[in-house]
There are 2 protein chains.
Amino acid sequence: MNAEIIAVGSELLLGQITNSNARFLSNHLAELGINVYYHTVVGDNSERLKNSIEIAENRADLIIFTGGLGPTKDDLTKETIARHLGTTLAMDEEALESIVAFFERAGRFMTENNKKQALVLKDSEVLINNHGMAPGMLYKTDSHFYMLLPGPPKEMEPMFQFEGKPKLAKILNKEDVILSHVLRFYGIGEAELEDRLQDILDNQTNPTIAPLASDGEVTLRITAKTNTEKEAWELINGAKSQILDNVGQYLYGYDDDSLASKAVELLKEQTKTISAAESLTAGLFQSELASVSGASAVLAGGVITYNEDMKIKHLGLAPELLKEYGVVSEQAALAMAEAVRQKFNTDISVSLTGAAGPDAHGDQPAGTVWIGIATEEGTTAYRLQLSGMRNTNRLRAVKLALSYVIRTLIDGNARKI
Amino acid sequence: MNAEIIAVGSELLLGQITNSNARFLSNHLAELGINVYYHTVVGDNSERLKNSIEIAENRADLIIFTGGLGPTKDDLTKETIARHLGTTLAMDEEALESIVAFFERAGRFMTENNKKQALVLKDSEVLINNHGMAPGMLYKTDSHFYMLLPGPPKEMEPMFQFEGKPKLAKILNKEDVILSHVLRFYGIGEAELEDRLQDILDNQTNPTIAPLASDGEVTLRITAKTNTEKEAWELINGAKSQILDNVGQYLYGYDDDSLASKAVELLKEQTKTISAAESLTAGLFQSELASVSGASAVLAGGVITYNEDMKIKHLGLAPELLKEYGVVSEQAALAMAEAVRQKFNTDISVSLTGAAGPDAHGDQPAGTVWIGIATEEGTTAYRLQLSGMRNTNRLRAVKLALSYVIRTLIDGNARKI
């Protein structure tokens with residue numbers, strides 16, 4: 001089965017947003033063994049959309065649309081498809097009820113155009129939207145499948161994963177098994193990783209091995225295609241052990257793991273608690289931990305001391321220390337980590353202080369960061385010199401702090417990497 | 001002039017990377033007044049690429065290609081275009097020299113296939129690559145312009161900005177001025193906004209008015225196309241005052257403003273300071289404020305009390321209060337906001353407590369959020385019932401808290417919206 005993804009929305013063509021939906025869907029379609037040969041983006045224009053549908057019908061069996069299902073006049077995806085296929089739209093009572101309920105819950109007045117969202121292609125299978133109002137659809141003709149999904153990723157992603165993808169898997173009734181396994185690394189660049197795995201990467205056919213880098217992490221996706229799940233795992237595990245022989249010390253997790261989820265998992269396993277004193281990152285470190293469901297079992301909390309006085313008042317740092325070394329210093333990072341560990345009575349604590357940029361902080365250039373880690377065995381501080389923009393630096397500092405926490409929990413103490 | 005952007009690369013169709021190039025280019029083309037009607041993504045496959053070129057020639061004057069200019073066998077963009085246009089490739093000596101120099105500098109051995117990168121379409125204008133090896137090209141026929149750019153954004157973006165875009169501007173020899181102005185709203189849904197602006201939106205031609213919603217915010221982009229900058233601003237300001245007559249009370253900013261930058265700006269203007277006590281959001285609110293350069297002038301800091309004991313220990317909340325009402329309650333939100341305002345000695349303070357999900361918190365369903373705002377005039381708390389996934393709820397709570405801060409600073413007190 002070949003697929004084409006058509007994203008509908010003038011905001012994409014104006015460069016206001018990126019077509020991240022196409023990436024998400026392509027990734028999942030690859031897992032189903034569906035070949036994606038084209039992505040198309042077209043504006044909120046009925047004639048040009050019709051033109052795109054006709055082209056796609058000539059080169060794909062499955063056409064997935066994202067966007068244009070909303071309440072406004074610009075939203076014309078289902079209307080255009082209905083006209084093109086010679087069918088009509090019908091009110092889906094269940095979707096209408098959930099829209100009415102949404103407005104009641106929110107205590108907001110429902111305008112007439114919101115009802116339009118509950119219209120679906122006649123005789124289509126409705127895909128329920130648990131995170132927004134517009135339902136999705138799967139419509140079949142003798143020659144093609146048409147899947148209509150909403151544009152906002154937070155609505156589209158769960159709808160595809162839990163409604164659309166299972167329906168496609170059933171249609172395929174597939175005999176091929178395609179399995180992917182993702183290895184997650186930190187503390188190593190993409191180029192160095194590839195260099196150290198050159199021979200393995202050069203000789204890959206099945207499974208395939210695809211590296212990808214983003215925000216200080218590198219991943220390798222191993223994908224095997226064969227007849228049984230058992231054989232697929234044998235292929236994957238063969239490649240995996242070759243890879244880990246070379247770069248195993250940089251591995252931190254698999255698949256949907258994130259640095260934050262891995263840290264929370266290790267803390268839970270070891271029944272340890274964590275706290276943080278944040279300056280530079282102003283809460284982003286703790287917020288990353290809290291983004292993991294169940295973090296409340298391990299995250300006690302912490303203090304954000306964004307200005308110098310608060311470091312003295314709420315963490316008890318000595319004014320002389322700050323005067324002598326400054327707030328962006330090893331000494332400040334060590335003292336902050338120790339103070340918050342004591343105040344919040346946790347097993348491990350983290351401190352983050354630095355100059356995010358664009359300006360230097362006294363004699364410390366933009367991008368200078370100190371991260372402290374305190375445990376009952378002692379306290380260590382790490383110096384980073386980052387080169388990104390303000391918010392890239394803040395995010396990278398958080399990721400590196402998480403990786404130090406993971407290393408500390410695995411090794412029993414922190415280690416410079 | 002109408003343009004189509006064709007991104008070439010199987011990694012895009014496999015969902016390994018996002019087509020951020022299309023967004024970048026679209027944005028810049030819009031500034032030049034060039035209409036982009038389609039984006040296409042096609043894999044490293046000569047036949048399908050040829051098919052895409054033919055379709056694009058039927059609907060665009062300018063076709064911009066990204067990707068497929070590298071040294072490997074997969075890279076076949078220029079070869080395919082040369083064959084399609086009945087021309088050949090010629091060695092560009094300048095590009096070859098710079099490739100040789102690159103390998104010498106890096107102390108690496110240059111393989112033969114790297115030379116291939118210096119081949120360009122015969123009679124094309126070469127676009128210099130200052131951040132990589134493959135040069136870009138601009139090729140003209142009687143009917144079309146073809147621009148070939150490398151795939152990696154760090155090579156493509158500067159090449160387009162400093163080489164490609166000026167050449168296009170010269171071709172256009174344009175007299176048109178195109179200006180955009182973005183109005184930013186909160187506390188109103190996209191559908192309601194459009195409903196209230198129905199007449200204005202229905203009658204728009206020049207300037208055009210485009211709504212866009214994301215994460216609790218709605219924006220309107222007003223774009224005018226005319227002969228002089230002065231006239232363009234007159235058109236924009238005419239539409240703007242009509243819009244603000246209808247929905248001005250929901251406006252919070254313009255263009256690159258964000259809720260966080262607006263809050264920081266207002267605090268600075270009023271020389272006020274802010275602190276926060278965060279449970280639900282675990283630092284995300286303060287981190288959003290700190291993402292704005294210069295936030296340290298107004299953000300004192302705050303406390304993250306992720307578990308109940310910490311609310312008692314570090315904010316001094318009465319155990320009886322928590323026992324009677326629970327941590328997800330109006331009473332807890334009021335007490336947290338008041339306590340942190342006192343502890344951090346700030347003019348205004350914010351508290352966030354709630355059940356992010358997926359689980360309920362006691363008898364409070366997932367998505368229940370209380371936000372407290374304390375000032376010297378008193379303390380108010382707002383209840384939200386959000387319906388998203390865990391991290392969507394956390395982010396929306398932060399955005400709404402920022403909007404309450406803005407409203408409080410503008411009105412002198414918080415107001416339910």
Side-chain angles (χ1 to χ4, degrees), chain A residues 10-20 22-24 26-27 30 36-43 48 55 70-72 102 105-106 108 111 113-114 131 154 158 210 212 278 281-287 289-291 293 296 299-307 310 344 358 390-391 394, chain B residues 12-20 22-27 30 36-43 48 55 189-192 194-195 210-212 214 278 281-287 289-291 293 296 299-307 310 314 344 358 385 387-392 394:
Chain A
S10 299
E11 63 276 26
L12 290 156
L13 296 177
L14 286 165
Q16 290 170 0
I17 56 171
T18 309
N19 189 9
S20 64
R23 178 185 178 177
F24 176 90
S26 295
N27 222 311
V36 179
Y37 287 151
Y38 299 94
H39 296 168
T40 297
V41 178
V42 61
R48 288 194 283 273
I55 290 169
T72 76
F102 175 89
R105 260 200 323 276
R108 274 167 48 196
T111 56
N113 56 359
N114 275 295
H131 302 274
K154 69 176 185 198
L212 185 66
E278 302 187 53
T281 45
L284 193 59
F285 174 82
Q286 292 170 81
S287 177
L289 284 177
S291 72
S293 180
S296 56
L299 173 61
V303 182
I304 296 170
T305 51
Y306 209 62
N307 75 29
M310 297 302 147
F344 280 74
R390 179 180 179 83
N391 289 315
R394 295 174 67 239
Chain B
L12 290 157
L13 296 178
L14 287 166
Q16 290 169 1
I17 55 171
T18 308
N19 188 10
S20 62
R23 177 182 180 178
F24 176 88
L25 290 168
S26 295
N27 223 313
V36 179
Y37 286 150
Y38 300 93
H39 297 167
T40 296
V41 178
V42 60
R48 287 195 283 273
I55 290 169
E190 188 185 14
E192 195 189 337
E194 281 204 36
D195 204 54
L212 184 66
S214 79
E278 301 187 53
T281 46
L284 192 59
F285 174 82
Q286 291 169 81
S287 176
L289 283 178
S291 72
S293 179
S296 56
L299 174 61
V303 181
I304 296 168
T305 51
Y306 210 61
N307 74 28
M310 298 301 147
H314 293 291
F344 280 75
Q385 188 60 53
S387 58
M389 314 252 276
R390 180 180 178 84
N391 288 314
T392 311
R394 295 174 67 238

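Nothing here was measured: the structure is a model prediction, and the numbers come from that model.
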Novice: Please state whether the side chain, the backbone, both or neither of B/Thr305 comes within less than 4.5 Å of a heavy atom of chain A.
Specialist: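 When you check distances to chain A, only backbone atoms of B/Thr305 fall under 4.5 Å.
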Novice: Among A/Leu13, A/Asn307, A/Leu299, A/Val36, which residue forms the greatest number of heavy-atom pairs with chain B at distances under 4.5 Å?
Specialist: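 Of the candidates given, the most pairs with chain B belong to A/Leu13.
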Novice: For the CG atom of A/Leu289 and the CD1 atom of B/Ile304, what is their distance to the nearest 0.5 Å?
Specialist: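 Answer rounded to 0.5 Å: 10.0 Å.
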Novice: Between B/Arg23 and A/Thr18, which heavy-atom pair has the shortest distance, and what is it?
Specialist: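 For B/Arg23 versus A/Thr18, the nearest heavy atoms are CD-OG1, 3.1 Å.
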Novice: Tell me, do A/Arg394 and B/Ser287 make a side-chain contact under 4.5 Å, heavy atoms counted?
Specialist: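 The answer is yes; the side chains approach within 4.5 Å.
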Novice: If we define contacts as heavy-atom pairs under 4.5 Å, which of B/Glu278, B/His314, B/Glu194 has the most with chain A?
Specialist: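 Winner by heavy-atom pair count: B/His314.
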Novice: Would you indicate whether the side-chain heavy atoms of B/Phe344 and A/Val303 approach each other to under 4.5 Å?
Specialist: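 Of all side-chain heavy-atom pairs linking B/Phe344 with A/Val303, at least one is under 4.5 Å.
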Novice: Among A/Leu12, A/Ile17, A/Thr111, who wins on heavy-atom pairs under 4.5 Å with chain B?
Specialist: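 The answer is A/Ile17.
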Novice: Taking every heavy-atom pair that is under 4.5 Å apart, which of B/Thr281, B/Asp195, B/Val42 has the most such pairs with chain A?
Specialist: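 Looking at each option in turn, the highest pair count goes to B/Asp195.
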Novice: Mind checking the NZ-OG1 spacing from A/Lys154 to B/Thr392? Nearest 0.5 Å is all I need.
Specialist: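 Reported value, rounded in 0.5 Å steps: 6.0 Å.
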Novice: Heavy-atom distances under 4.5 Å only: say whether A/Ser291 touches chain B with side chain, backbone, both or neither.
Specialist: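 Interface part for A/Ser291: both.
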Novice: Count the heavy-atom pairs under 4.5 Å between each of B/Gly301, B/Ala282, B/Pro358 and chain A, then report the option with the highest count.
Specialist: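 Heavy-atom pairs under 4.5 Å are most numerous for B/Ala282.
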Novice: Count the heavy-atom pairs under 4.5 Å between each of A/Ser10, A/Ala290, A/Gly70 and chain B, then report the option with the highest count.
Specialist: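 Heavy-atom pairs under 4.5 Å are most numerous for A/Ala290.
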Novice: Considering only heavy atoms, which portion of B/Ser296 lies under 4.5 Å from any heavy atom of chain A: side chain, backbone, both, or neither?
Specialist: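 For B/Ser296, heavy atoms of backbone and side chain both lie under 4.5 Å from chain A.
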Novice: Taking side chain as everything from C-beta outward and backbone as N, CA, C, O, which of these in B/Ala22 sits under 4.5 Å from a heavy atom of chain A? Side chain, backbone, both or neither.
Specialist: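 Answer is neither: B/Ala22 stays 4.5 Å or more from chain A.
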Novice: Supply the atom-to-atom distance A/Asn27 CG to B/Leu14 CG, rounded to the nearest 0.5 angstrom.
Specialist: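 So the CG of A/Asn27 and the CG of B/Leu14 are separated by 8.5 Å.
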Novice: I need the residue from B/Ala191, B/Ser20, B/Ser26 with the largest number of non-hydrogen atom pairs under 4.5 Å to chain A.
Specialist: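 The answer is B/Ser26.
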Novice: Which atoms of B/Gln286 are under 4.5 Å from chain A, going by heavy atoms: the side chain, the backbone, both sets, or neither?
Specialist: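 Interface part for B/Gln286: both.
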Novice: Is it the side chain or the backbone of A/Asn19 that comes within 4.5 Å of chain B heavy atoms, both, or neither?
Specialist: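 Contact with chain B: backbone only.
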